[in-house]
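This report refers to the structure that appears directly beneath it.
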There are 2 protein chains.
Amino acid sequence: MAAIDFWYEFASTYSYPAAMRIERRAREAGVALRWRPFLLGPIFQTLGWNDSPFNIYAAKGRYMWRDLARICANEGLPLSLPPQSFPQNGLKAARLALAGEAEGWAPAFTCAVFAANYAEAKDIADDATLRSILDGLGVDADAATTAANTPANKAALKAQTEEAVTRGIFGAPSFTVGDELFWGNDRLDAALAWAKSA
Amino acid sequence: MAAIDFWYEFASTYSYPAAMRIERRAREAGVALRWRPFLLGPIFQTLGWNDSPFNIYAAKGRYMWRDLARICANEGLPLSLPPQSFPQNGLKAARLALAGEAEGWAPAFTCAVFAANYAEAKDIADDATLRSILDGLGVDADAATTAANTPANKAALKAQTEEAVTRGIFGAPSFTVGDELFWGNDRLDAALAWAKSA
C-alpha cells in the first residue's frame, strides 16, 4: 500500500491545518499514514536562527499570520490570534506524541495539542494543558508522562529529528514518500498523489 | 472587473511557472492582470541576505530545485538544470519589461526571459540574449534598450520595488488583490479566487 510520513512540529503554524485534515485526506487517497513528530529548534539553530524565521523576518511573519487565517477560514478551522505565545515550546508534547504512537492515541493527541495552541490560545508547554488533553482522550496521563520521559523515548525523539535532517527536512510540515520530500501544508495533495502513483 | 497584480523577479525560480500560466489562468477566471516586475535583491539585502536564500540555506536550495522540477513536469514546462547561473542578474530584463508595458509586449517578453533562464540555460544579463528575445517578438531592440535605460524608467523600477516593500512583499512571485497579499507560485489560484469574490 502507498504510504506517506507526516513530519510535524508542535510550534509550527502551518502544521496545524495539515494535522487537522491529513487523516481524512490520506484515507480518501488510500494512502497509509505515519505521524512523525520532530523538533525544528535544533534544525533552525544549525541555520543560525535562535527564533522562528517568522519572528526574525517581520514581513514574512505578518504575511504568515494573514495567510494562516485565510487557510483556516477556507478549511473551516477555528483560529484564535494571537496565540498564547509564538513559537511555543513543543518538546513535552512531541515526547508524548511519540510515546503514544504504540498505543494509537498519537494522532488524536496531536490534533488536540494543535487546537489548544492555535484555536484555544493555551500554553502547550504547561503540564496542566497536556494532562487535560490526555484526560479528554481517556489516556492515563501519569502513565503517558512516565513513558514520555524515559531515556529511550527521549532518545527516540532525538533520533527522529536526526532522521528528519538526513531526509533533507528544514521546515514543517513536511511529507515524505520514500525518499521524495514535500515541504509545506500546501504540498499535502501533491505528496498524496506522489504516494498513489509510486 | 476583478483585478490581480503579478509581482515577479527574473532571478526567481518559482516566478517561472507562475509567469507561464498566469495569463491563461487569469483569463479563465475573468480577472484583469497587471504584470509588475521588481527587484528582490534590495529587499533581500534589508533581510541581511547578500545571496538567494536557496544558496545560503543548502537544504532549502536542494529541495527547491527538486520541487521546481516536479512542478514543471506537472505543468508540462521545459526545465534545464542547472541554469546558466543562480541567481542571475535580472536588472536589465526588469527595466526592459517595465519599458515594454506601454507597448504591450511586456508579458511575452517576460515569459521568453524566464524560458531563456530556466528552459534554455541562457545568460539573461547578456545583451545578446535580451536582443535575441526582443527580435523574436518583433520589437525594435535598439529603441527598447534606449527606453529601458532612461532615467525615468530606471526610477520607475525603483519605485515599483519600493511599492512592493510597502505592500509587504518579501519574495517572488507574489500576487496582490487590493491590499491582500499572496506569496508563492502555489498561491496563484487562491489569489484569483480572492479577486473574483472581492
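Scope of the values below: all heavy atoms of this structure, side chains included, with no hydrogens, waters or symmetry mates. So that the names make sense, note that chain A is the first sequence line, chain B the second, and so on, each numbered from 1.
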field: Toward chain B, the part of A:Arg66 with a non-hydrogen atom under 4.5 Å
entry: side chain
field: Stepwise salt bridge (Lys or Arg N to Asp or Glu O under 4.0 Å) check, B:Arg131 with B:Asp142
entry: CA-CA 8 Å; B:Arg131 178 168 292 269; B:Asp142 287 330; 2.9 Å; yes
- prompt: Taking every heavy-atom pair that is under 4.5 Å apart, which of B:Ile43, B:Leu181, B:Asn74, B:Asp67 has the most such pairs with chain A?
  reply: B:Leu181
- prompt: For chain B, which of A:Gly184, A:Gly171, A:Ala59, A:Gly168 has the most heavy-atom pairs under 4.5 Å?
  reply: A:Ala59
field: CA sep, side-chain torsions, deciding dist, call: B:Glu23, B:Arg27, salt bridge (Lys or Arg N to Asp or Glu O under 4.0 Å)
entry: CA-CA 6 Å; B:Glu23 191 121 49; B:Arg27 190 171 53 239; 5.6 Å; no
query: Among B:Tyr8, B:Trp105, B:Trp35, which one satisfies side chain to side chain donor-acceptor pair (under 3.5 Å) with B:Thr110?
result: B:Tyr8
- prompt: Has A:Arg70 got its NZ or CZ under 6.0 Å from the middle of the six-membered ring of B:Phe182, at an angle within 45 degrees of the ring axis?
  reply: yes
